[in-house]
**Student:** 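Provided herewith is a single structure, encoded as structure tokens, for subsequent inquiry.
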Amino acid sequence: MPLHEYNCRGCGQTFEVLVTAKPAREVQCPGCSSPAVDRLIGLPAAGRVVDGNAATNCRGDGPPCGAPRCGRKG
């Protein structure tokens with residue numbers, strides 16, 4: 001579940017809201033309860049590097065991930 005970052009136009013506080021699968025609710029500032037908020041554009045998290053190699057999504061329980069360093073063959 002992603003976190004969305006908001007900035008309150010009323011008091012200037014920046015805060016995050018966890019987005020769930022429930023129907024969207026009106027986001028309010030936790031500091032002043034104002035509904036006048038703007039959603040900020042965030043960057044995705046940087047990928048992890050392990051032992052000098054970029055991480056893959058290979059969990060070991062599915063087909064080979066195709067990464068050059070993947071030791072699992074199809």
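All heavy atoms count here, side chains included; hydrogens, waters and symmetry mates do not.
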**Student:** Connecting only ILVMFWY residues whose side-chain heavy atoms lie within less than 4.5 Å of each other, what is the rest of Val27's hydrophobic cluster?
**Tutor:** Tyr6, Phe15, Val17, Val37
**Student:** Give the minimum heavy-atom separation between Gln13 and Gly31, together with the two atoms involved.
**Tutor:** OE1-CA, 3.3 Å
**Student:** For residues Ser33 and Gln28, report the shortest heavy-atom separation together with the two atoms involved.
**Tutor:** O-CD, 3.8 Å
**Student:** Going by the rule side chain to side chain contact (heavy atoms under 4.5 Å, CB included), which residues pair with Asp38 if we only count those two or more places apart in sequence or in a different chain?
**Tutor:** Arg9
**Student:** Roughly how far apart are Leu18 CG and His4 NE2, rounded to 0.5 Å?
**Tutor:** 9.0 Å
